[in-house]
Structure formats: structure tokens, C-alpha cells
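Worksheet: the structure to be examined is printed underneath.
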Number of protein chains: 2
Amino acid sequence: MGKLTIKDIATMANVSTATVSNYLNGNYDHMSLETRKNLSQIISDTKFRPNSTARNLAKNENKTIGVSIADITNPFTSQVLSGIYEQCDNYRYRVLFTNAGNSEQKEIDNITRLQNEGVAGIIVDPVNPDSPIYESLSNQNTVMVDRQSNKLIIDTVATDNMTSVQNLVEQMKNKDYDNLYFVTWPFQNISTRTQRYEGFIRATNYSTLNHLIAVPHHGKEIEYQQFTQNISSIMQRNNTSKIGFFCMNARVLLRLLQAMQQLGYSYPQDYGVATYEEFDWMQVMTPAISCIHQDSYSIGKVAMHILKQKLEHKLLRQPTLKLIPTQQILRASF
Amino acid sequence: MGKLTIKDIATMANVSTATVSNYLNGNYDHMSLETRKNLSQIISDTKFRPNSTARNLAKNENKTIGVSIADITNPFTSQVLSGIYEQCDNYRYRVLFTNAGNSEQKEIDNITRLQNEGVAGIIVDPVNPDSPIYESLSNQNTVMVDRQSNKLIIDTVATDNMTSVQNLVEQMKNKDYDNLYFVTWPFQNISTRTQRYEGFIRATNYSTLNHLIAVPHHGKEIEYQQFTQNISSIMQRNNTSKIGFFCMNARVLLRLLQAMQQLGYSYPQDYGVATYEEFDWMQVMTPAISCIHQDSYSIGKVAMHILKQKLEHKLLRQPTLKLIPTQQILRASF
DNA sequence: CTGTTAGCGCTTTCAG
DNA sequence: CTGAAAGCGCTAACAG
């Protein structure tokens, strides 16, 4: 059962390969109804499938876009991927998937590999958007999502971090808190983190770093204990004032809640809290938690849309930053 | 700046295309050190990248596997994808990604498309594993993950649902509950659901359906109210006995907790609870929730491993079901 | 309406 | 050590 080719079909139907090819491509103008039906019959009987590699080579058209994901395990990211795929499907592109599992080196390998595969365009959700690898990418055929580099060299679409945090924190301010704190993983110059903090600062006007609380990221147990200690002293220091926390993301929130729980404090009596990111479970906490929902699906969709425009219209512009708005979800946690 | 070809490189280096090709493929035995260096220089200078489509056609080798995902937005699934990718990367396959967004029709389209692309093999995470589309797939080059069909026609790798539920529920039994309940979305003949229930039954030996509680899936508000009512009467009926709930997954657990909260009950005083699936937030609940952690990453990895074996060794066997063990996480919720 | 044929860019004998 | 040339399977003029 050697693979069938267009030639086999041609001989079976007593026509030339050209006719078969025309049939395959829907150019029915060039053949009699009879041969058309005949071909249809034979092809479905034999379950013939034209070799797409050969077809691509001959047409010299390339409708595949490569996706480099920093960490597909991140729920935010899978939403983005879902948006990308949806749009690729609309535009009839196929998507070649790669995942770096948060490793910078892996990401470099993946991108290189995609380039070698000769994809038409690349969408990258970067591990580290300031990695030098991105300088080897051309803005003509790539777009970045989520995290943005400090110097914008590639079109990127991201969440409007700053404004949304600013808005939510302003809501907190309206509730007459004496002290507000921003809880975060170490900045490490990562744009999502610093931008959210910037929003916090704009809302609060704090001029010192005294309202910044760092949570270890992949720390050792001892570091988390120190964090809990830290929270403890903050709570004691503020025991007569109204105090609130804004968390930079859900994982950070979880850590804060855990610490508070250990210390015997509960919200909203002892403290107020709100967070970036939305997850199912926030709704079922007692009381439910106020948060910022990002439209990651749109990020993916828009990214692919922009990429398609670039690819097909060769628009050569300055790298652009497209900010996707978020949604504020107000509940009863502050 | 027309794309460079192997021919251009050849003329630039004053050698034939064959030599360039040899160079590209690492067959350095057939050329002088000089031309080798020369080629190396030219290629890196010109940033020449051989056209992979042409290469694939010429070698007639196909190292791409297609992945059809039911819903990439599901965190369980993204773990699976991560495992698949990892293994593909190890085995030097590329992965063509598709996502059905839980639509059966979309899934059919996706699979058909993958087939037309001529992928070497397919891994499918099915929307509905009993859909007729799977009969058009050959067990020679496809494997299913997660949900399994009722009649096994394709090798599939899934979680060991039954045994793990049985084991955990037995732990609950040891705590002298008078009544245990299984909370689930409607079965709809979906294997993951019925198998988990089967494990529950094996542990409890209940012979009626009285211990089965259905939660609406994508229901209207009114249906959730009915569910809450239902829970309310169960709690009242059992107000003198020790009662426990096992939830079929995290979303169901969330619903149960929500209902309980509305009704003013809390665990572990008023009821005991445990669940299938593990998420970060379960650890931070008060008290933390006992659960079953599935190794979705391994599912993906193993699936690709099996697929590779089939593809490269043409093993023709009976379709096989590979069950991946889970991990029991005992905390303080029952 | 249908067939011939020259590519698409690369690989791979087989000679030299 | 290097080159010529015949494909890989399909497309797309161009003839007929």
C-alpha cells in the first residue's frame, strides 16, 4: 500500500496529472462534468490525500505561524493560545506549537527551531522579554504577547496593567484606608510587575518603598516564614488603622492569605484585599475577592490579527504597543 | 532580497549544490576542510536557511504530529499539552496544534485538517470520545488522552480514575462517616465521571443512587438554587449524623462550597469533603482540602512515547488502555 | 476541455 | 574530494 500520488489518480481516471491537480484545487472550469464526477468518485474511493508538503513547495506559499510559549501551564497563557488558535483558524493558518517551560535557553532553541522550519510568522509569549534573542527577530513577521520588553522593538499586545491597577486601587482608596500595600514577587525588571506597581503608585502617591511587600517566588520554606513575620509586624504596627493589600497576582494573593490565616487575621474585618488576575475560586472565598480580570483570549486574537496584517500587507511601521483593557470585578473583600 | 537557495550558496562558494547539501546535513567526509570552512563562512554571512518544505519533500520524511485538544483553557489539558510537547521535543517531532473549544464539530474539522496536512501521527484529547469521527482514525498512528471511549478502538492513556477515587473514599470511610455522597456533573456517559463514581461505589458499597448528587454544568441560576435546596435538605435530613462529600472535580467542589456557605454550614465541623483534582487554592482554604492529584504531564509524555513507538516500529497490537497513577493528598477537610 | 512540461528547493545516487 | 542529474509530489503556464 505505497502512498498514492496524483499520478496514480490520473492514470486511474485516464486523465493527466494537471486535470487531477485542477480538480484538487477546485478549478472545475477546465474539465467536463463527467471527468469531474469520475475524479470525485475515485478520490473518495481511494481516500487519496494530496501530499501537502509537495503542494506547499510547488505553490511556494507558507501559511504556518510558529508560537513560542513561555509556560503553557500558566492558565493565563492557555487563554492566549486559545485566542491565537481561533484567529489562525479564521485566517487559515496552521500553528506550530512550542513551549519553553519558563527556560530562557529552551525559548531560544524553540525560536531558532521555528525560524529554521521557515514559518511565515512568529508569535512569542516571552520568558524574558529583554533577552537578546528578540533582537534577532524581525518586526516584520513577529509579534510579542503579554510581557513587553523595556525597549520596544517588536509589536506587542499586552494587558493594560498600569491603568487597571490604578483604577482598582483608587476604589480601595475611596474606602478610607489609612495604609495600602502592594504585595508582589520581586520585580526583576519584569514589565508586568513594575507596571502594576506603577499603577499602585499613581493611585496612592506614595513616594517611598515602604508600601512594597515582596513575596519570595520559588523560595525556600524559611523565606516564606520571613514573609509571614513581615506581615505580622506590619499588622501589629497598624493595629489601630485601617489597612489594605493589593496583590500583584493570584499566587501572591494565595501566599498572603496563607500568612494571614496563620497569624489569625481575616478579611475584611482585619484587613482589606484585592488582586490582579481572576480565578474561579476567588468567587467562592468568604467573602468573595475583588479582582482584575484580564482578557487574555483577546490578547491572542489581536496578536494574530496584527501578525496577519503585517505578513500580508508588508506594513512597515514603528513597533507598536497594543494595550487590551481589563475588567474590574468588585466584590466584598475590601 | 529574493530568498537564497542552495544553488546561490553553491555558486558563491564555487562548489555544486550537492556539496552544499552535504554540508547542511553534516556529511563532512565528502569535502575538504577548506570548502567546509568556506561554506560555514558564507552561510553564516548570508544567514542562509535551507527551505524545510523542500527538504521534507526530498527526504520524504515527516516528523510532525498533530494534536487535537478539546479545550486548551482547561488547566488539566495544558499540562497534558506540556507533556506532549516535551516528549515531541525529545524525539525531534514538531507539533501542529489545534483546539476545539469543546465543540464536537470543530474537533471533527480539526482532525480532518490534520489528516489533510499529512501529519505522521495524531494525539487527540477528545471532546466526546464516543464520537464516530474516531472510527475514521487508525490506531496505527493515533493515541487518545484523558477521556476514553466506551469501546476501546484507539490506544489511550488516561488517569486511573476508579482506583484513585476508591482509595480516597476508603480513607473517608475510615473516619466513620454515617453517610457519604458523590457530587458530580451529570454523567452523560462520560468515562471520567462514571469511573470516578464507580470508584466511589466500590469503596462504599452503596447499592442505590441515593448517594449521588448532580450539579448543573452550564446551568441557569435557577438550577443552582435548586442544587442548593437539594443540599439543604440533605443536611437537614442528616443533622444528627456524620456526613461527607466527595466531589468529582474542582468546579463541582466550588459549587458545593458555595452552596454550603450560603446555607451557613462549614467543614470540617458540619460536613467532610474531598475532591478529585488539585489546585493551588485548595491548600489555602481553611482548612486545606484533601484531594487527588493527577499527573497530567505524564499523560502527555506517555501518549507521545506510545505514538512514537507505533510510528517507528509499526507495532500492530490491540488497542491498549494505559492508566497513569494519581497521588493522594491528605489534608484536613474530612 | 485536456495534456506536456518546466519548475518549487533540496537530497542522493552515481560518475568522475 | 566534487559534480551532474534524477527525483520527491504537486502546480501552473502553455500548447494542443
Side-chain angles (χ1 to χ4, degrees), chain A residues 1-43 46-64 92 94 115-120, chain B residues 1-43 46-64 92 94 115-120:
Chain A
M1 135 169 198
K3 282 266 104 230
L4 286 175
T5 77
I6 208 183
K7 207 180 219 162
D8 300 318
I9 304 297
T11 55
M12 291 170 87
N14 275 312
V15 295
S16 79
T17 61
T19 304
V20 179
S21 172
N22 274 131
Y23 176 85
L24 256 19
N25 290 288
N27 302 135
Y28 304 131
D29 312 344
H30 301 294
M31 71 194 69
S32 66
L33 194 67
E34 198 180 5
T35 63
R36 174 173 169 182
K37 282 191 169 171
N38 194 216
L39 249 15
S40 159
Q41 187 59 246
I42 295 182
I43 289 177
T46 58
K47 297 195 201 312
F48 168 70
R49 291 226 172 79
N51 177 319
S52 70
T53 307
R55 187 186 280 216
N56 287 333
L57 180 57
K59 300 184 110 134
N60 201 359
E61 92 170 358
N62 185 350
K63 300 277 270 181
T64 122
R92 317 263 74 198
R94 58 185 88 76
Q115 289 175 144
N116 288 340
E117 297 284 1
V119 295
Chain B
M1 176 210 134
K3 281 267 105 235
L4 286 177
T5 77
I6 207 181
K7 207 182 222 162
D8 300 317
I9 304 297
T11 54
M12 292 171 85
N14 276 312
V15 295
S16 77
T17 61
T19 303
V20 180
S21 172
N22 275 131
Y23 176 84
L24 258 17
N25 291 287
N27 303 134
Y28 304 131
D29 312 344
H30 300 292
M31 70 194 70
S32 66
L33 194 66
E34 198 181 4
T35 63
R36 175 173 168 181
K37 282 191 169 169
N38 194 215
L39 249 14
S40 158
Q41 187 60 244
I42 295 181
I43 289 177
T46 59
K47 295 196 202 313
F48 169 70
R49 289 228 173 79
N51 176 318
S52 71
T53 308
R55 184 184 278 210
N56 287 334
L57 179 57
K59 298 185 115 136
N60 201 359
E61 93 171 356
N62 185 348
K63 300 277 268 181
T64 122
R92 316 264 73 200
R94 58 185 87 78
Q115 290 175 145
N116 289 339
E117 298 283 2
V119 296

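Numbered from 1 within each chain, the chains take letters A, B, ... in sequence-line order. Everything numeric in this text was worked out from a predicted model, so none of it was measured.
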> If you check every side-chain atom of B:Met31, which of C:dG3, D:dA5, D:dT2 has the closest atom?
Replying inline: D:dT2
>> From the set D:dA5, D:dC8, D:dG9, return the single nucleotide nearest to any side-chain atom of B:Ala58.
In response: D:dC8
> Taking atom C1' of D:dG9 as reference, at what distance in whole Å does atom CG of B:Asn60 sit?
Replying inline: 9 Å
> Can you check whether A:Gly118's main-chain N or O pairs, donor with acceptor, with A:Asn62's side chain at less than 3.5 Å?
Replying inline: yes
>> On the nucleotide C:dT11, are OP1 or OP2 found under 4.0 Å from the side-chain N or O atoms that B:Arg55 carries?
In response: yes
> What's the spacing between A:Asn56 CG and B:Leu57 CG if we round to 0.5 Å?
Replying inline: 10.0 Å
> B:Thr19 side chain N/O closer than 4.0 Å to the phosphate oxygens (OP1, OP2) of D:dG3?
Replying inline: yes
> Of all the nucleotides listed (D:dG9, C:dG3, D:dG3), which has the minimum atom distance to the side chain of A:Thr5?
Replying inline: D:dG9
>> Minimum heavy-atom separation for B:Pro50 and B:Arg55, please, with both atom names.
In response: CG-NH2, 3.3 Å
> How far apart are the closest heavy atoms of A:Thr5 and A:Phe48, and which atoms are they?
Replying inline: C-CE1, 3.6 Å
> Starting at CG of A:Leu57 and ending at P of D:dC8, how long is that distance when rounded to a whole Å?
Replying inline: 14 Å
> Can you tell which of C:dG3, D:dA5, C:dC10 lies closest to the side chain of B:Ala18?
Replying inline: D:dA5
> Separation of A:Tyr28 atom OH from C:dT2 atom C1', in whole Å?
Replying inline: 17 Å
> Base, sugar-phosphate, or nothing for B:Asn62, non-hydrogen atoms under 4.0 angstrom?
Replying inline: nothing
> Between B:Arg49 (CZ) and C:dC10 (P), how many Å, whole number?
Replying inline: 13 Å
> What's the CD1-C1' distance between A:Ile6 and D:dC8, to the nearest Å?
Replying inline: 13 Å
>> Between A:Asn25 (side chain only) and A:Asn27 (backbone N and O only), is there a donor and an acceptor less than 3.5 Å apart?
In response: no
> How long is the line joining CZ of B:Arg36 and P of D:dC1, in whole Å?
Replying inline: 12 Å
> So what does B:Thr35 touch, heavy atoms closer than 4.0 Å: a base, only the sugar-phosphate, or nothing?
Replying inline: sugar-phosphate
> Starting at CG of B:Leu4 and ending at P of C:dG9, how long is that distance when rounded to a whole Å?
Replying inline: 11 Å
> Which part of the nucleic acid, if any, lies within reach of A:Asn14 when heavy atoms closer than 4.0 Å are counted: base, sugar-phosphate only, or nothing?
Replying inline: sugar-phosphate
>> If you assign each of B:Lys59 and B:Leu33 to its closest nucleotide in DNA chain D, which residue comes earlier from the 5' end?
In response: B:Leu33
> Closer than 4.0 Å, any side-chain N/O of B:Asn25 to the OP1 or OP2 of C:dT11?
Replying inline: yes
> Of the nucleotides D:dG3, C:dT11, D:dG9, which one has an atom closest to the side chain of A:Asn51?
Replying inline: D:dG9
> Taking the side chain from A:Ser21 and the backbone from A:Thr17, do they hold a donor-acceptor pair closer than 3.5 Å?
Replying inline: no
> Between A:Leu39 (CG) and C:dG3 (P), how many Å, whole number?
Replying inline: 10 Å
>> Counting the atoms with a prime plus P, OP1 and OP2 as sugar-phosphate, which does B:Phe48 contact under 4.0 Å by heavy atoms, base, sugar-phosphate, or nothing?
In response: sugar-phosphate
>> Among D:dT2, D:dG7, D:dC10, which nucleotide has an atom closest to any side-chain atom of B:Ser32?
In response: D:dT2
